[in-house]
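Numbers here simply count residues along the sequence, with the first being 1.
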Amino acid sequence: MPPATLHADSFGNPLTLDDAASLPLVEDFVMGFVSTEARAVNLLALADSDASPMVQAYCATLHLFAESPDAAANAQPFLAKARAASERATPRERRYIAAIEAWAEGDIAKAIALHAEQAREHPRDLVSVKLGQYHCFNTGDCPGMLRLALAALPAASDVPYVHGMAAFGYEQCHLMREAEASARRAIGMCRKEPWAHHALAHVMLTEGRLSEGLAFMQGVSDSWSGLNSFMVTHNWWHVALFLIELGRDGEALALYDREVWGVVKDYSQDQIGAVSLLARFELAGIDVGARWDDVASHLLQRTTDHVLPFLDLQYLYGLARAGRPEADTLLHNIEAHAQRAPLSTRAAWQSVCVPAARGLVAHARGDFASAIEGLGSALPRLVEIGGSHAQRDLFEQVYLDALVRIGSQAALAGAQGILQQQLNGQPESLRLRRQAGEVYARLGLGPLASRIRETGR
């Protein structure tokens, strides 16, 4: 093999490559990963032909993103080749390889620390920054997401995607003005910046700007071409949320069928997007017909996954809502896995995921008292299982539904407190107006019920 030579990616990071002809596919990965485009997977064409350290480390990264139980094992051959080539790698490349190894071993805390160090030492390694944000997101470390983006920003302010990363970090830290400014700056630099679109959708949903949010997302949706399945289905998922809140039920169902479910039905993120949207439809009083059955048929493979607690909970609810007995298998396996989960995530599995899992199965089966008990225990610490505010809102909606269905005065009083606070922030939501109006009527507050249904205030 000829000696490796240094090249550079689009962000100026030196690359140790055995063959200069590999550079275009490495660029597909680097730019595709940062811009959430499907071309990132093109790199796998080099898996057997180029033993360069970052080619192999990037191939391992792609395998780990499958978010499946065999992902780590599938990544290991590539990590072994990356390690074998690491003596001729740069310090930046060696640190990236170490971070991917930590991920494969389940040591997420170590992986995050390495990505944070990389952001300080090589702030234009934006693959590392975005991957570090992914890990922080999955462990509920919102400030960590923001720190990574801000560490990169001074050296990479010319890159629109860094402003999109910062926007989402700000939003998850409830810094809405900074989030919107960063998102709009990213979009001003590059109209096709779907991650910035996504961050701005979060801001508008949180602030109750529902009609504005719907119009914005629909207005940029023509740019969502060539994206990976998660990004395109998740942005349409956000459009569907706006439609549900605005009472445009038929349009929301049609959007689910056309844009959210069916892109890559075997992929984890597509599956949880479908589960959470079907659940929201039902909680808003929308009949979903037989749609649970199709989703559940693709969840049967998930009973032993345990890649992330946030994923397991939604697989579980989908199976339970479809009436599949495999829900009991998955619940049992979650309880067992929680006892042996990696130390850095064990508390999230034991103290949050397990009670939430029990509550979700109970709700799906009509045991609303047990649903309140399980979810009520988990909700105060729910951030620990990852996911965004908008995604975790599903679990609060299920808890709220259980309170209403129990129907005691105490339960309805609890539901009133939750609903009114939500409605204060989203007076435009017809869904919340309907639900709050029902609760006020059942509490014997008829005049308030009528006013709330009409105005939201």
Side-chain angles (χ1 to χ4, degrees), residues 174 176 201-214 237-253 256 276-288 317 321 356 359-360 362-364 366-376 378-380 382 388-457:
H174 309 284
M176 297 299 163
H202 272 269
V203 171
M204 291 178 174
L205 180 68
T206 301
E207 294 189 336
R209 296 153 60 186
L210 305 180
S211 296
E212 182 186 357
L214 176 61
W237 180 90
H238 274 279
V239 175
L241 292 194
F242 287 123
L243 290 169
I244 292 171
E245 297 302 325
L246 292 168
R248 295 164 63 171
D249 301 350
E251 292 174 71
L253 273 175
Y256 169 90
S276 65
L277 202 49
L278 287 182
R280 282 172 167 84
F281 286 147
E282 290 192 327
L283 292 165
I286 303 170
D287 184 1
V288 302
Y317 193 70
R321 280 298 299 120
L360 288 171
H363 181 272
D367 181 358
F368 301 118
S370 296
I372 292 168
E373 180 180 357
L375 287 166
L379 283 175
L382 205 59
S388 68
H389 310 308
Q391 289 175 311
R392 293 194 305 271
D393 177 64
L394 170 65
F395 304 110
E396 187 159 343
Q397 286 195 38
V398 172
Y399 175 75
L400 176 64
D401 185 72
L403 289 174
V404 173
R405 288 176 180 269
I406 284 286
S408 68
Q409 288 295 293
L412 289 171
Q416 182 276 332
I418 295 170
L419 276 167
Q420 191 57 56
Q421 289 185 66
Q422 293 179 348
L423 196 51
N424 289 345
Q426 295 190 337
E428 196 179 357
S429 171
L430 295 183
R431 173 187 69 85
L432 287 171
R433 289 190 203 177
R434 288 197 303 263
Q435 292 175 344
E438 176 191 347
V439 167
Y440 278 112
R442 291 172 64 183
L443 284 168
L445 298 170
L448 272 176
S450 299
R451 192 186 78 197
I452 289 292
R453 289 191 186 105
E454 291 174 6
T455 68
R457 298 184 186 276

All N/O donor-acceptor pairs, side-chain side in residues 408-418, below 3.5 Å, sequence neighbours left out:
| unit_1 | atom_1 | unit_2 | atom_2 | d |
| --- | --- | --- | --- | --- |
| Ser408 | OG | Ala411 | N | 3.0 |
| Gln416 | NE2 | Tyr440 | OH | 2.9 |

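Partners of Glu373 under the salt bridge (Lys or Arg N to Asp or Glu O under 4.0 Å) rule, at least two apart in sequence or in another chain, do not exist in this structure. For Arg321, the salt bridge (Lys or Arg N to Asp or Glu O under 4.0 Å) partners are Glu282, not counting sequence neighbours. Residues meeting the side chain to side chain contact (heavy atoms under 4.5 Å, CB included) test with Arg453, sequence neighbours left out: Ala441, Ala449. The salt bridge (Lys or Arg N to Asp or Glu O under 4.0 Å) search around Arg433 returns none, not counting sequence neighbours. Take Ile372 and apply the side chain to side chain contact (heavy atoms under 4.5 Å, CB included) test, not counting sequence neighbours, and it matches Tyr399, Ala402, Leu403, Ile406. The side chain to side chain contact (heavy atoms under 4.5 Å, CB included) check on Ser388 picks up Phe137, Phe168, Gln172, His202, Ala390, Gln391, with sequence neighbours excluded. Considering only residues two or more places apart in sequence or on other chains, Gln426 meets the side chain to side chain donor-acceptor pair (under 3.5 Å) condition with none of them. Listed by chain and number, the residues in a salt bridge (Lys or Arg N to Asp or Glu O under 4.0 Å) with Arg451 amount to none (sequence neighbours excluded). Every residue meeting the side chain to side chain contact (heavy atoms under 4.5 Å, CB included) condition with Leu253, not counting sequence neighbours, appears here in chain and number order: Phe281, Ile286, Arg291.
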Chi angles and distances behind the side chain to side chain contact (heavy atoms under 4.5 Å, CB included) call for Leu210, Leu205: CA-CA 6 Å; Leu210 305 180; Leu205 180 68; 3.9 Å; yes
Pair Arg434-Leu430, side chain to side chain contact (heavy atoms under 4.5 Å, CB included): steps then yes or no: CA-CA 6 Å; Arg434 288 197 303 263; Leu430 295 183; 4.2 Å; yes
Criterion side chain to side chain contact (heavy atoms under 4.5 Å, CB included) on Arg431 and Arg280, from CA distance to verdict: CA-CA 10 Å; Arg431 173 187 69 85; Arg280 282 172 167 84; over 6 Å; no
Derivation of the side chain to side chain contact (heavy atoms under 4.5 Å, CB included) call for Leu283 and Leu400: CA-CA 9 Å; Leu283 292 165; Leu400 176 64; over 6 Å; no
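Not a single donor-acceptor pair under 3.5 Å links the side chain of Arg405 to the backbone N or O of His363.
Here the closest non-hydrogen pair linking Ser429 and Leu432 is OG-N, 3.1 Å. Between Ala279 and Tyr317, the shortest heavy-atom distance links the atoms CB-CE2, 3.7 Å. Nearest heavy-atom pair across Ala371 and Ala362 is N-CB, 3.6 Å.
Taking CD from Glu251 and CG from Leu246, the interatomic distance works out to 9.5 Å, rounded to the nearest 0.5 Å. Rounding to the nearest 0.5 angstrom, the gap separating the CD1 atom in Ile244 from the CG atom in Leu214 is 11.5 Å. One distance of note links CG of Leu382 with CG of Leu394; it measures 9.5 Å at 0.5 Å rounding. Remark: Ile452 CD1 to Glu438 CD distance equals 14.0 Å, nearest 0.5 Å. If you take CG on Leu241 and OG on Ser276, they are separated by 7.5 Å, rounding to the nearest 0.5 Å. Here the OH-CG distance, from Tyr256 to Leu243, works out to 15.5 Å after rounding to the nearest 0.5 Å.
Screening residues 411-426 for salt bridge (Lys or Arg N to Asp or Glu O under 4.0 Å), with sequence neighbours left out, gives no hits. Identified under the salt bridge (Lys or Arg N to Asp or Glu O under 4.0 Å) test for residues 421-430, with sequence neighbours left out: none.
Between the side chains of Gln420 and Asn424, at least one donor-acceptor pair of N or O atoms lies under 3.5 Å.
Gln422 places a side-chain heavy atom less than 4.5 Å from the side chain of Glu396. Inter-residue side-chain proximity for Val404 and Gln435 is flagged as unmet; no heavy-atom pair is nearer than 4.5 Å.
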